[in-house]
Amino acid sequence: MPELPDVEVFRRYLENTALDQPIEKLEVLAEDVVEGVSVEHLRSRAEGRRFRSTDRHGKYLFAELDNRDWLVFHFGMTGYLAYFKEETDKPGHTRALFHFAGGYRLAFVLQRKLGMITLTEDTESFVKGQGLGVDALDKSFGLDDFKRLLRGAKSGIKSALTNQSHIAGIGNIYADEILFQARVNPKALVGRLTDQDLERVFQAMKEVLETAIECQADPTRMPEHYLLPQREEGGTCPRCQSEIKRTRVSGRGGYFCPRCQPG
DNA sequence: ACATTGACCTGAGAGC
DNA sequence: TGCTCTCAGGTCAATG
């Protein structure tokens with residue numbers, strides 16, 4: 001689930017639910033999801049504080065505490081947040097649980113433990129330390145920057161789009177969607193794409209990510225001309241009705257329309 | 001610099 | 001029902 005649009009939806013969710021409430025207790029149910037700092041340290045920094053603001057870079061979510069520390073969340077392949085009050089509403093695979101004064105809780109949920117929580121004093125240096133590239137939806141990230149970034153890349157376009165040190169936020173699902181909308185084959189070598197191709201990919205990148213956020217990253221709400229709801233064996237291209245094909249790029253399964261996105 | 005593979009984790013679904 | 005296999009929106013390290 002958690003690519004840029006999903007994480008942005010989580011950010012807004014946290015912003016709309018958990019801000020400004022005293023954190024009475026931070027319960028860590030799976031200690032191995034805390035990275036970089038000890039569980040004790042994390043708890044001592046968070047307990048008694050409140051979430052003051054949020055931020056996001058690529059697939060990382062930041063939540064600022066009122067002591068200027070930032071909690072960092074990464075959701076791996078299966079993570080999400082859940083805000084609730086009754087213990088019976090606690091999701092399975094809750095790995096960390098913020099208990100607020102007043103009885104509400106915020107759960108950090110991971111089925112597979114591929115995500116993590118950590119702490120940083122400075123989000124910019126955290127981003128730099130992770131080697132992340134520019135956020136895909138950064139307002140100052142324009143077409144010229146995009147072309148400059150990809151110029152010289154020897155890889156296929158899908159690999160380039162999902163490389164977080166180039167552009168942060170795009171994963172397997174949305175790379176497929178972007179390339180479908182841009183009518184570019186996922187394996188096409190970046191160096192062989194025309195300026196027009198790259199422009200279409202750039203426009204599609206912005207448009208798809210923004211649209212996905214508006215749709216709450218929910219495939220069932222996406223526009224009809226989107227590939228996402230058809231991402232399965234035997235799916236139908238919403239544009240030309242051809243059969244959607246499965247491919248493999250860098251070990252990950254992907255979907256594309258062989259007719260709209262010829263190789 | 002790039003692709004490929006396997007590892008890290010856990011669960012769902014298919015096929016036998 | 002139970003077993004095995006494959007796959008799943010993440011990244012990272014080792015290898016060619």
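Because the structure is a prediction, the values reported are computed rather than measured. Lettering follows sequence order; numbering is per chain, from 1.
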Among B:dA3, C:dT11, C:dG9, which is the nearest nucleotide to the side chain of A:Gln164?
C:dT11
Which nucleotide wins on minimum distance to the side chain of A:His74, given the candidates C:dT11, C:dA8, B:dT4?
C:dT11
Span that lies between the [atom1] atom of [M] and that of [N], in whole angstrom:
N: B:dA1; M: C:dG10; atom1: P; value: 23 Å
N: C:dC5; M: B:dA7; atom1: P; value: 15 Å
N: B:dT4; M: C:dC7; atom1: P; value: 16 Å

Roughly how far, to the nearest 0.5 Å, is the OH atom of A:Tyr226 from the CZ atom of A:Arg231?
14.0 Å
For a quick check under 3.5 Å, do A:Thr118 and A:Glu35 share a side-chain donor-acceptor pair by atom type?
no
What I want to check is whether the side chains of A:Gln181 and A:Glu177 have a donor and an acceptor closer together than 3.5 Å.
yes
Any side-chain N or O of A:Lys59 less than 4.0 Å from the OP1 or OP2 oxygen of C:dG10?
yes
Below 4.0 Å: OP1/OP2 of C:dG9 and any side-chain N or O of A:Arg231
yes
A:Leu150 CG to B:dC2 P: how many Å, rounded?
10 Å
Provide, to the nearest angstrom, the distance between the NZ atom belonging to A:Lys158 and the C1' atom belonging to B:dT4.
15 Å
Which part of the nucleic acid does [X] contact within heavy-atom distance under 4.0 Å: base, sugar-phosphate only, or nothing?
X: A:Gln130; result: sugar-phosphate
X: A:Arg246; result: sugar-phosphate
X: A:Gly115; result: nothing

Would you say [X]'s side chain and [Y]'s backbone share a donor-acceptor pair under 3.5 angstrom?
X: A:Thr247; Y: A:Gly254; answer: no
X: A:Gln164; Y: A:Ile170; answer: yes
X: A:Asp197; Y: A:Thr194; answer: yes
X: A:Asp6; Y: A:Glu3; answer: yes

What stems show up for DNA chain C when you take Watson-Crick pairs (N1-N3 plus N6-O4 or O6-N4) and G-U wobbles (N1-O2, O6-N3), both under 3.5 Å, and require three or more consecutive pairs?
B:2-8 with C:10-16, B:10-16 with C:2-8
I would like to know whether A:Phe126 and A:Tyr60 meet ring-ring contact (aromatic ring centres under 6.0 Å, His included); could you show each step before the answer?
CA-CA 10 Å; A:Phe126 177 85; A:Tyr60 288 85; 5.4 Å; yes
Measure all distances between protein nitrogen or oxygen atoms and nitrogen or oxygen atoms of nucleotides 7-11 of chain B, and list the pairs falling under 3.5 Å.
{"unit_1": "B:dT10", "atom_1": "O2", "unit_2": "A:Gln111", "atom_2": "OE1", "d": "3.3"}
{"unit_1": "B:dG11", "atom_1": "OP1", "unit_2": "A:His93", "atom_2": "NE2", "d": "3.1"}
{"unit_1": "B:dG11", "atom_1": "O4'", "unit_2": "A:Gln111", "atom_2": "OE1", "d": "3.3"}

What do the steps show when you test A:Glu15 against A:Thr54 for side-chain hydrogen bond (donor to acceptor under 3.5 Å, both in side chains), and what is the final call?
CA-CA 7 Å; A:Glu15 186 99 9; A:Thr54 61; 2.3 Å; yes
